[in-house]
Amino acid sequence: MSDPGGPQARVTTRLLEPHEHRAALDLFRDSHHQPPATDADWSVLRDSLEPSGVRGAFSGGRLVGMHQSVLGDVVVPGGARVPVVLHHRFAVRSGHTRRGVGTSLMTAALRSAQAPLAMLRASEGGIYGRFGFAVGTRGRDLVIDRHRARLSPHVPASHHTCASSPRELVQRLPQLYEETRGRSGTVSRPPWYEALYGYELACAGLFGRVIVHRGPTGEDGFARYVVRRVAAETAAARVVLQVDDMHYRSSQAWAGLWRALLGVELVDEVRVRLRPLDEPVEWLFTDPRVCRTSAVHDETWLRLTDVGSALRARHFGGCDSVVIGVEDALLPTNSGCYHVSGEEVGGTRASAQISGPVAAWSAAYLGVVKPSALAAAGALRVHEPRALEAADRLFATGSEPWSGTFI
């Protein structure tokens with residue numbers, strides 16, 4: 001969406017009635033340079049606009065902005081699944097940007113939050129920090145030269161894998177996804193997620209395939225992919241296998257899925273989008289150079305909407321303790337000091353040893369960045385230097401947070 005900042009306009013916001021949803025969707029599509037939804041489009045997309053989560057902004061009686069959210073849950077450090085509001089489809093009508101429309105929408109949505117956490121994917125990185133969001137998960141894009149790729153002898157032998165079309169698996173994939181979801185940052189998928197995924201493939205003229213891995217205890221992993229031709233300026237077009245969705249419960253399932261993907265014939269490259277930063281794909285191959293990182297991106301952005309509840313929900317490691325200060329102008333009930341330790345978390349009247357805005361603590365929450373790194377960048381203020389090492393140990397996680405769902 002366009003930058004929603006700027007002077008406040010006379011804007012009112014409210015939840016939209018179902019009969020207003022199509023107009024809101026068309027506003028969103030227009031902001032992304034897409035035509036209005038056809039009747040065929042609407043027959044698929046209407047279910048993804050839930051009545052309790054579509055908010056509109058009005059100026060002079062005209063719909064000038066829309067925002068959508070859905071309640072789900074996210075895995076946090078320690079393995080708990082914590083309620084989260086997933087924000088998406090956020091747009092302001094052309095000609096009404098920089099007039100406070102987006103600010104009014106997001107402020108209303110956050111102040112009516114039904115969960116201690118909020119997440120979104122940012123179309124522009126400079127927008128959401130002002131609302132207290134910060135990068136919560138990251139991912140990297142990989143390119144594998146299939147003609148040169150050879151799996152190392154130490155890669156675990158795979159069990160049975162089968163390739164099916166998404167239509168054959170649409171009933172099983174949601175449950176399989178839930179069973180393989182364990183990494184911090186992974187989120188629940190709304191019931192309309194599969195239909196929307198298939199619709200977007202069809203709009204792009206692509207045909208999806210699914211590989212399912214079956215281990216000793218049953219189905220324990222899957223990968224979704226499409227195959228397409230990519231034009232090149234100085235060479236013949238390359239056939240690319242694009243992996244958009246891969247989840248698994250074990251290293252055996254992960255290795256088995258990769259064996260199956262590399263075994264697809266008539267393919268020049270395998271490309272995977274936004275994989276976990278610590279996923280050791282290069283170490284699968286006899287020559288690690290056949291796998292290169294083409295880009296590293298922020299993936300999801302996170303905000304603590306109820307700081308106390310969010311802190312109590314996650315695990316903190318070690319035997320240290322620290323008092324952190326949180327500043328939150330948008331949700332002032334969050335502002336204050338919190339005692340954090342591996343045994344207990346709660347509000348306190350003690351003075352903060354480290355303090356900063358809610359966006360900084362949102363960045364540290366899942367473990368994508370250490371408090372010491374935030375302090376070095378000036379995002380956190382350190383009042384007792386010895387507390388910084390304790391905070392690093394408390395907020396440390398065993399793996400990189402990652403979502404893997406395009407909310």
Side-chain angles (χ1 to χ4, degrees), residues 1-2 28-38 40-41 44-45 88-89 91 94 121-125 138-151 161 163-169 193-211 222-247 257-277 279 281-282 284-300 402-407:
M1 63 165 285
S2 298
F28 175 81
R29 289 170 65 92
D30 181 70
S31 74
H32 285 71
H33 313 296
Q34 297 175 329
T38 64
D41 295 329
V44 176
L45 297 174
H88 59 126
R89 289 183 180 150
S94 177
R121 285 180 180 260
S123 57
E124 296 181 38
R138 296 186 297 163
R140 61 176 182 153
D141 297 345
L142 302 174
V143 178
I144 294 97
D145 184 339
R146 184 184 170 277
H147 297 301
R148 296 171 51 222
R150 300 290 183 273
L151 291 175
T161 57
S164 304
S165 72
R167 291 178 183 176
E168 297 169 352
L169 288 164
Y193 187 87
E194 293 297 328
L196 190 61
Y197 180 88
Y199 166 80
E200 290 176 349
L201 280 185
C203 288
L206 299 172
F207 177 71
R209 290 282 190 180
V210 182
I211 295 173
F222 69 93
R224 285 199 265 211
Y225 69 90
V226 297
V227 176
R228 56 190 176 87
R229 289 186 176 274
V230 176
E233 294 182 1
T234 58
R238 298 179 66 78
V239 178
V240 172
L241 187 154
Q242 175 77 54
V243 181
D244 293 323
D245 200 15
M246 181 190 289
H247 294 268
L257 292 171
W258 270 107
R259 284 185 185 276
L261 291 168
L262 293 168
V264 177
E265 298 291 344
L266 305 178
V267 168
D268 299 309
E269 289 180 352
V270 177
R271 299 182 184 179
V272 289
R273 291 195 300 160
L274 286 174
R275 296 306 300 168
L277 295 185
E279 192 174 52
V281 180
E282 298 92 336
L284 289 171
F285 304 108
T286 55
D287 178 4
R289 293 183 181 181
V290 303
C291 173
R292 62 181 176 86
T293 299
S294 59
V296 174
H297 307 275
D298 58 88
E299 188 196 19
T300 61
W402 175 73
S403 172
T405 290
F406 289 86
I407 54 175

Describe, in one word, how the ring planes of Phe285 and Trp258 are oriented to each other, choosing from parallel (under 30°), tilted (30 to 60°) and perpendicular (over 60°). perpendicular
Mind checking the CZ-OG spacing from Arg273 to Ser294? Nearest 0.5 Å is all I need. 11.5 Å
Roughly how far, to the nearest 0.5 Å, is CZ of Arg138 from OG of Ser403? 14.5 Å
In terms of heavy-atom contacts, Asp268 and Ala237 come closest through OD2-O, 4.3 Å
Evaluate the criterion side chain to side chain contact (heavy atoms under 4.5 Å, CB included) for residue pair Arg271 and Ile144; output intermediate values, then yes/no. CA-CA 6 Å; Arg271 299 182 184 179; Ile144 294 97; over 6 Å; no
Greater than 12 external heavy atoms within 6.0 Å of Arg229's CZ: no
Going by side chain to side chain contact (heavy atoms under 4.5 Å, CB included), Phe406 matches just one of Asp244, Leu274, Leu196. Which one? Leu274
So, for Tyr225 and Leu261, which heavy atoms are closest and what is the spacing to 0.1 Å? CD2-CD2, 3.8 Å
As an exercise, state the distance from CG of Leu241 to CZ of Arg209, rounded to the nearest 0.5 Å. 11.0 Å
How far apart are the C-alpha atoms of Asp141 and His297, what are their side-chain angles, what is the distance that settles it, and do they pass the side chain to side chain contact (heavy atoms under 4.5 Å, CB included) test? CA-CA 8 Å; Asp141 297 345; His297 307 275; 2.9 Å; yes
If I compare all heavy atoms of Arg146 with all of Val267, which pair ends up nearest, and what's the gap? CD-O, 3.3 Å
List the atom of Leu262, the atom of Ala149, and the distance in Å for their closest heavy-atom pair. CD2-CB, 4.3 Å
From CG (Leu257) to NE2 (His247), nearest 0.5 Å: 11.0 Å
Got a second to check how far Arg89's CZ is from Leu45's CG, nearest 0.5 Å? 6.0 Å
Roughly how far apart are Leu151 CG and Arg259 CZ, rounded to 0.5 Å? 5.0 Å
Under the criterion side-chain hydrogen bond (donor to acceptor under 3.5 Å, both in side chains), I'd like the reasoning laid out for Tyr197 against Asp245: C-alpha separation, chi angles, the key distance, then a yes or no. CA-CA 11 Å; Tyr197 180 88; Asp245 200 15; 5.9 Å; no
Taking salt bridge (Lys or Arg N to Asp or Glu O under 4.0 Å) as the definition, give me every residue that meets it alongside Asp145, ordered by chain and number, with sequence neighbours left out. Arg148
Would you check if Pro36 and Arg29 make a side-chain contact, meaning some heavy-atom pair closer than 4.5 Å? no
With side chain to side chain donor-acceptor pair (under 3.5 Å) as the test, pick out the partner of Gln242 among Arg224, Arg228, Glu269. Arg228
Taking all non-hydrogen atoms of both residues, which atom of Gly208 and which atom of Val226 are closest, and how far apart? CA-CG1, 3.9 Å
So Glu299 and Arg275, salt bridge (charged side-chain N to carboxylate O under 4.0 Å, His left out) or not? Walk me through it. CA-CA 10 Å; Glu299 188 196 19; Arg275 296 306 300 168; over 6 Å; no
Residue pair Arg140 / Thr293, side-chain donor-acceptor N/O under 3.5 Å: yes
Working for side chain to side chain contact (heavy atoms under 4.5 Å, CB included), residues Asp41 and Tyr199: CA-CA 8 Å; Asp41 295 329; Tyr199 166 80; 2.9 Å; yes
Smallest heavy-atom separation, Gly139 atom then Leu277 atom, equals C-CD2, 3.7 Å
